[in-house]
Amino acid sequence: MPQCAFCGKATTTQEGLKRHIARRPECQRQWALMINDIEADNLNTPDDNPPPVDVDFSHVHPHLDPNPTPSKSCRITIKEVEDEDGTPEEWDLAEWLVKNLGQTCTDEFLKLPITQNRTKLSFHNNRLFLQRVDALPRGPGWSCRKVTVRGNKEDEFGAPLEEEVELWSRDPVECVQELIGNPFFKADMAYSPAKAYADRAGQHRVIDEMWTADWWGETQKALPKGATIAPIILSSDKTCLSQFRGDKSAWPVYMSIGNIAKAKRRQASARATILIGYLPASKLNCFTPDACSLAGYRLFHHCMAPLLQPLIAAGQHGVEMVCADSLVRRVHPILAAYVADFPEQCLISCCKENRSNEQGDKSTKEILEMRKNGQHPPEFEENNLRAVYKPFWANLPHANIFLAFTPNLLHQLHKGVFKDHLVKWCIDIVGEEEMDARFKAVPNYPGLLFIGLLTGAVPRFARSILDFSYYAQLQIHTTEMLEALQTTLDVFHANKDILKELAIREHFNIPKLHQLTHYVQSIMLLGTADGFNTELPERLHIDFAKEAYRATNKRDYEEQMTLWLQRQEAVFLRAAYLDWLAQHPLLPAGRAEPHSFDPGFDSDSDSESEETEAPAHPHQSVEKIVTAHDATDFLPALQTFLQKNLPQTTGVVPGVHDRFDIYRQAVIVAPPDRRVGDAPKRWHVRARPEVVASGRRSGCPDVRVAQVHVIFTLPRQFGTYSRALAYIEWFTPFRLPDPSSRLLQVSRSTRHLRRNAAVIHIDEIVRPCHLIPKMGQSVDTMLRSGNAYEVASDFYFNEFIDGEMFGVSVINSL
């Protein structure tokens, strides 16, 4: 079968091989180099009429280097050439075409008379356009390996069935060079371990980035002096490509390095995570159903081994690389973390999926080696191992695959323990109808309401799981926070037997629940869990798998996908280079006002426009304010405020004939809480006639909760007073937490048998909060989402609406 000597791609015919070389720029360039070398050699022959040269790729040995080096006769020279990149407008059009149109649509667009007559482009059809794109600099090249799988099924002649699959890969060492040398990551790059502390005495350690954790420092001790570690972060996950059109799948393998800050790694648009390969996603129909699973395990490790083979020598001896700060370092790329869901972790660690993947006293590599030699070590069955005798990680230097598995917030906590287990247990305790009634009785708020629903109906273990979830996803940990994280898990295990007593569970042999016991160890070793979440690989599937597949003709799609990705990468690199050329020092940004007003815009979108001074409801009468906003004591409260803050206006008494400008909401811009996020927080405190009780105050111990009814400004007869005001009704100061849920408690505040009302400055509001009415064992039938604040008198303060509230209410109390 003809095979390309440059990328390893096999074709069925010689014509197919020629088409492959013509379509693939990398192979085409290597072909041109080979032809030039042959012609140069022919110049030295005495024959004036040399025979024609015919190179048959079908006879190239399959183990030939897929990336042959140029011959010694090739010389590299530097000379000035004319810039052929065209105008900036032409480049903008080219970038748009590559990102948004397929080849057919691009060709049709370029051949339109209006395009050819008015744009005067340097390319007038898709072929010339792609030639220009293929000439751009690009990242590491792709190569293809054919893997022949021999099954245990037989054909009609008694011969075992075989199946050929393809492994597409890039050199991971070259990918590390691409990442560590990218100047755009210069400000987000670290090259050595460090330890951070919250105090000068060094008693309270802080862990956030990978270089502040223990693994980097311990591994650094095993390397020569002056060595630089590039912690390799791998992730892999099979994904479906087609919808209702066959069963097409891809198995991407992604790689990043721990030198890059986790905030930058999480940005899919930053391309700090690189696609390094496509594993075969075959169903292996040449095997019987009982043998197919084990064959899939072995095929995975058989393909991952050559994919990561370059990391062995590079990790042992190091490779000199130009880093983002322009310094040359000897870099040792070492596998540090592997981000995967539970089935993928079992596949990687050669374990069955019915129990956790852990390493005992004897290493898994030793146990598999003994099993391969015909021995029957008891640890093989005790650890539920599969007979994979050559795991890909066996020879990777300084790597421990079991310690490399990181916490999976998405599948283990949010979807796993919380959704699949905790919610189900609580519904089994209180019943579906009661749970629905509790949801209907809670006032609307965009956040987690779960624990408040269960207070008084579900034992204490539910609160412990929620506390663990919020602690685990913090972006910065201290030793006290890690102790609190472990304590919450211990509290759950101390109270979980109530589920057995209620006949909800018979056992707790739940792999995802067991994996929570490793969170503290993993954070201490590799850094906080938010840097290794599986949300990023699943997001990257869109760019590197699904979009790439849609750009193919659905036949031999992996080769077309790699070519499409190369062109996308070339355009991205070119655009990044142009941005780098055009960059200039940024001017200091002006400080944002902490409070501003939004007269009519009612959206939580981050792209909302700046608020204006025009009120949503100008010149509203006092009667309208009292009735529409339920502001019963508006005039007395306003008079009290004026006496306190504007004593010079004592002669002007607010009355029923005064009119006020009313705003729908106030927008609070707060600085970021680094424990839960890096971006400033925007909160909306609403007070609209059509919605009852939309705004609340914060839940810190040194503040009080209030319900905002009206946001307004004073009319002119009270002078030029620019600060906006709010009519509120107070709740009581915080009382001791509820013993079961440990939620703070508040009630309506009254004075003289009326609700305690007041007028305050709008900038005194710290942030919105959420209250959950006390429900007890069953829900009052009068309670509804729209009237809960009016019907109920006692409430729980919800500490779980977002990470900032959890940090203020719970973490600050440590």
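What you see below is based on every heavy atom in this structure, not just the backbone, and it leaves out hydrogens, waters and symmetry mates. Nothing fancy with the numbering, it's 1 onward along the sequence.
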For Arg539 and Ala268, which heavy atoms make the closest approach, and how far apart are they?
CG-CB, 4.1 Å
Working note: Lys440 + Asp436, criterion salt bridge (charged side-chain N to carboxylate O under 4.0 Å, His left out); need CA distance, chi angles, decisive distance, verdict.
CA-CA 6 Å; Lys440 294 175 182 177; Asp436 290 342; over 6 Å; no
Determine yes or no for a side-chain-to-main-chain donor-acceptor pair under 3.5 angstrom, with Thr488 supplying the side chain and Leu485 the backbone.
yes
Go through the steps to decide whether Asp467 and Arg742 satisfy the test salt bridge (charged side-chain N to carboxylate O under 4.0 Å, His left out), and finish with yes or no.
CA-CA 11 Å; Asp467 280 339; Arg742 304 201 304 278; 2.7 Å; yes
Would the number of heavy atoms belonging to other residues, nucleotides or ligands and lying under 6.0 Å from CD of Glu433 be above 12?
no
Test log, rule side-chain contact (heavy atoms from CB on, under 4.5 Å), inputs Ile625 and Tyr727
CA-CA 10 Å; Ile625 294 173; Tyr727 172 83; over 6 Å; no
Can any side-chain N or O of Gln745 pair as donor or acceptor with the backbone N or O of Leu736 at less than 3.5 Å?
yes
Least distance between heavy atoms, Gly655 atom then Val622 atom:
O-CG2, 3.3 Å
Under 3.5 Å side-chain donor-acceptor pair for Ser747 and Asp794
yes
What one should report as the nearest heavy-atom pair of Gly531 and Arg265 is O-NH2, 3.1 Å
Is there a donor-acceptor contact under 3.5 Å from the side chain of Glu764 to the main chain of His761?
yes
Check for a donor-acceptor pair, side chain of Asp199 on one end and backbone N or O of His204 on the other, with a separation under 3.5 Å.
yes
Could you walk me through whether Glu535 and Glu538 pass the side-chain contact (heavy atoms from CB on, under 4.5 Å) test, one step at a time?
CA-CA 5 Å; Glu535 290 182 11; Glu538 295 198 3; 5.9 Å; no
Decide if the gap between the ring center of Phe634 and the ring center of Phe660 is smaller than 6.0 angstrom.
yes
Side chain to side chain, Phe418 and Val423, heavy atoms closer than 4.5 Å
yes
Donor-acceptor pair, side chain of Thr478 and main chain of Met481, under 3.5 angstrom:
yes
Is there a donor-acceptor contact under 3.5 Å from the side chain of His411 to the main chain of Lys512?
no
For side-chain contact (heavy atoms from CB on, under 4.5 Å), just list the numbers for Glu804 and Arg675, CA-CA rounded to whole Å, side-chain angles, deciding distance to a tenth of an Å, and then say yes or no.
CA-CA 8 Å; Glu804 287 81 5; Arg675 296 170 297 190; over 6 Å; no
Can you say whether the rings of Trp425 and His421 are parallel (under 30°), tilted (30 to 60°) or perpendicular (over 60°)?
tilted
What I'd like to find out is whether the side chain of Phe734 reaches to under 4.5 Å of the side chain of Val746, using heavy atoms alone.
yes
Can you give me the closest heavy-atom contact between Gln203 and Tyr197, atom names plus distance?
N-CD2, 4.3 Å
Ignoring hydrogens and angles, state whether a donor on the side chain of Glu799 or Tyr470 is under 3.5 Å from an acceptor on the partner side chain.
no
Quick one: are Leu638 and Phe712 in side-chain contact, heavy atoms under 4.5 Å?
yes
Here's a test for you: under side-chain contact (heavy atoms from CB on, under 4.5 Å), which of Ile711, Val710, Val759 qualifies with Leu725?
Val759
Validation row: Pro773, Leu783 side chains within 4.5 angstrom (heavy atoms):
yes
CD1 of Ile476 to OG1 of Thr528, rounded to nearest 0.5 Å, is 8.0 Å
Are any of the side-chain nitrogens in Asp530 or Lys262 under 4.0 Å away from the carboxylate oxygens of its partner?
yes
Identify the two heavy atoms, one from His477 and one from Ala472, that lie closest to each other, and give their separation to 0.1 Å.
NE2-O, 4.1 Å
N/O donor-acceptor pair under 3.5 Å between Arg704 side chain and Phe731 backbone
yes
Can you name the one residue among His709, Arg755, Arg754 that meets side chain to side chain donor-acceptor pair (under 3.5 Å) with Asp633?
Arg754
Smallest separation among heavy atoms of Ile728 and Ala706, with atom names
CD1-CB, 3.7 Å
Would you say the rings of Phe468 and Phe492 are close, in the sense that their centroids are separated by under 6.0 Å?
no
If you take the centroid of each ring, where Trp contributes its six-membered ring, are Phe800 and His770 closer together than 6.0 Å?
no
Please examine the side chains of Leu413 and Tyr519, heavy atoms only from C-beta on, and report whether any two atoms are closer than 4.5 Å.
yes
Would you say the side chain of Asp738 lies within less than 4.5 Å of the side chain of Arg463, judging by non-hydrogen atoms?
no
Is the shortest side-chain N to carboxylate O distance from Lys424 to Asp420 below 4.0 Å?
no
Kindly compute the distance separating NE2 (His514) from CZ (Phe342), expressed to the nearest 0.5 Å.
9.5 Å
Short side-chain to backbone donor-acceptor contact, Asp661 and His619, under 3.5 Å
yes
In terms of side-chain heavy atoms, does Thr534 have a donor or acceptor partner in Asp341 at a distance below 3.5 Å?
no
Does Thr212 reach the main-chain N or O of Ile207 with its side chain, forming a donor-acceptor pair under 3.5 Å?
no
Residue pair Gln620 / His629, side-chain donor-acceptor N/O under 3.5 Å
no
Arg748 side chain to Tyr789 main-chain N or O, any donor-acceptor pair under 3.5 Å?
yes
What's the verdict on side-chain contact (heavy atoms from CB on, under 4.5 Å) for Arg723 and Asn645, showing C-alpha distance, side-chain angles and the deciding distance?
CA-CA 11 Å; Arg723 297 174 69 182; Asn645 294 275; over 6 Å; no
Do other residues, nucleotides or ligands put more than 12 heavy atoms under 6.0 Å from the CD atom of Glu623?
no
